Protein chains: 2
Amino acid sequence: MNDALDVSLRLVRAQTALVKRFDASLSGLHGVSLADFTMLLRLGQAPGGRMRRVDLAEKLGLTASGVTRGLAPLERIGLVTRESDARDGRVAYAALTGTGRERLTDMLATAERIAAEVFAAPLWSKEDIGQFSTLLTRLGGTGLPGHGTPPP
Amino acid sequence: MNDALDVSLRLVRAQTALVKRFDASLSGLHGVSLADFTMLLRLGQAPGGRMRRVDLAEKLGLTASGVTRGLAPLERIGLVTRESDARDGRVAYAALTGTGRERLTDMLATAERIAAEVFAAPLWSKEDIGQFSTLLTRLGGTGLPGHGTPPP
DNA sequence: CACCGATCCTTGACTGCTCAAGCATGCTGA
DNA sequence: TCAGCATGCTTGAGCAGTCAAGGATCGGTG
């Protein structure tokens with residue numbers, strides 16, 4: 001088998017394990033999945049804690065319908081609200097609520113702790129992490145700050 | 001945000017993109033998903049092209065029920081058959097059929113081509129790929145289920 | 001103005017996995 | 001011997017995402 005194919009399959013495998021680990025802690029402590037947390041995090045990074053849903057989808061690498069479905073439970077439990085645009089009737093914003101912001105702070109602390117555990121010294125050095133990040137970005141890390149894909 | 005958390009989220013993002021790319025080509029050319037292909041590949045690597053289903057699950061990082069569900073369509077289209085163990089009535093094997101082997105050869109060629117495209121020079125050197133593989137292995141490599149799921 | 005295509009979002013039907021429960025079967029030790 | 005536990009597998013219910021279709025709104029053009 002190809003080295004490139006081997007590394008591709010390894011990547012897939014490593015990701016599912018990583019996601020499981022985050023899901024376990026986040027759902028145990030905060031009742032959200034990693035996907036939920038990522039949605040909230042991106043919202044929290046946007047100015048005013050709000051984004052058009054279609055932009056959120058692009059940021060997350062989901063389809064618009066994925067965002068609709070993912071936000072629904074977060075709206076139901078009051079972490080996110082829906083806002084409309086005065087000028088453009090098509091647009092709906094997703095916005096963090098006050099509670100959403102508070103809860104996000106806690107989730108972020110948990111997520112950072114898990115990540116720090118996963119990439120803990122002495123197995124992982126700062127250089128390793130930097131190198132890993134570079135390689136992952138090269139692979140197609142769109143939607144993340146600082147590495148934007150210009151419009152077509 | 002943490003570097004470690006950042007790299008974790010990048011990993012998740014990169015994987016979904018990669019999977020989409022493989023899925024597109026594999027399903028277009030061979031009518032199977034990447035998950036299907038990976039199942040067949042692991043079967044093909046096993047002696048005699050057959051494995052106990054529970055071992056296959058472990059190899060793939062799935063649950064036993066995931067294997068049952070994943071193999072069903074492959075059995076239906078005749079790439080895999082079910083065999084039973086003469087000594088242990090509980091065990092069922094999954095085995096590649098002749099057709100399965102042939103089709104797998106083609107799929108493998110496609111998958112290797114895609115992987116080679118993704119990790120193509122000049123963006124990726126052989127050393128980059130090796131480094132990437134090392135880091136991914138460190139992260140969970142061929143690891144297995146039971147990655148520590150604490151009680152609720 | 002009135003239409004037409006593009007954009008934003010939601011919904012229905014589906015896939016692909018999970019967990020929990022259940023059914024056989026096998027193994028062990030009193 | 002056989003009761004009880006462990007193992008292998010399947011099944012029902014549910015969750016998270018996809019695609020395709022559809023409804024609403026916007027913007028440009030005749």
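Remember, it's a predicted structure, so these values are computed and weren't measured experimentally. Letters A, B, ... are given to chains in the order of the sequence lines, protein chains preceding strands, and every chain is numbered from 1.
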For the side chain of [X], counting heavy atoms from C-beta on, which of [options] is nearest?
X: T68(A); options: dT10(C), dC9(D), dC8(C); result: dT10(C)
X: V91(A); options: dC8(C), dT10(D), dC26(D); result: dC8(C)
X: A35(B); options: dC9(C), dT10(D), dC17(C); result: dC17(C)
X: A64(B); options: dG8(D), dC26(D), dT10(D); result: dT10(D)
X: R90(A); options: dT25(D), dT18(C), dG26(C); result: dT25(D)
X: T63(B); options: dT18(C), dC9(C), dT18(D); result: dT18(C)

Is the backbone of [Y] close enough, under 3.5 Å, to the side chain of [X] for a donor and an acceptor to pair up by distance?
X: S125(B); Y: A121(B); answer: no
X: N2(A); Y: E112(B); answer: yes
X: T97(B); Y: L79(B); answer: yes
X: D23(B); Y: K20(B); answer: no

Rounded to whole angstroms, how far apart are [atom1] on [X] and [atom2] on [N]?
X: L71(B); N: dG16(C); atom1: CG; atom2: P; answer: 13 Å
X: E75(A); N: dC9(C); atom1: CD; atom2: C1'; answer: 12 Å
X: R82(A); N: dA24(D); atom1: CZ; atom2: C1'; answer: 13 Å
X: Q15(B); N: dG17(D); atom1: CD; atom2: C1'; answer: 13 Å
X: L26(A); N: dC15(D); atom1: CG; atom2: P; answer: 18 Å
X: R13(A); N: dC17(C); atom1: CZ; atom2: P; answer: 13 Å
X: L60(A); N: dA16(D); atom1: CG; atom2: C1'; answer: 13 Å
X: F37(B); N: dG16(C); atom1: CZ; atom2: P; answer: 16 Å

Residue whose closest nucleotide on DNA chain D lies nearer the 5' end, G61(A) versus A86(A): G61(A)
Side-chain N,O ([X]) to OP1/OP2 ([N]) below 4.0 Å:
X: S65(B); N: dT10(D); answer: no
X: R87(A); N: dC8(C); answer: no
X: R52(A); N: dC9(C); answer: no

Nearest-nucleotide comparison on DNA chain C, the residue closer to the 5′ end among A92(A) and R69(A):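 The residue whose closest nucleotide sits nearer the 5' end is A92(A).
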Identified salt bridge (charged side-chain N to carboxylate O under 4.0 Å, His left out) counterpart of R53(A) within the set E83(A), E58(A), E75(A):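 Output: one option passes, namely E75(A).
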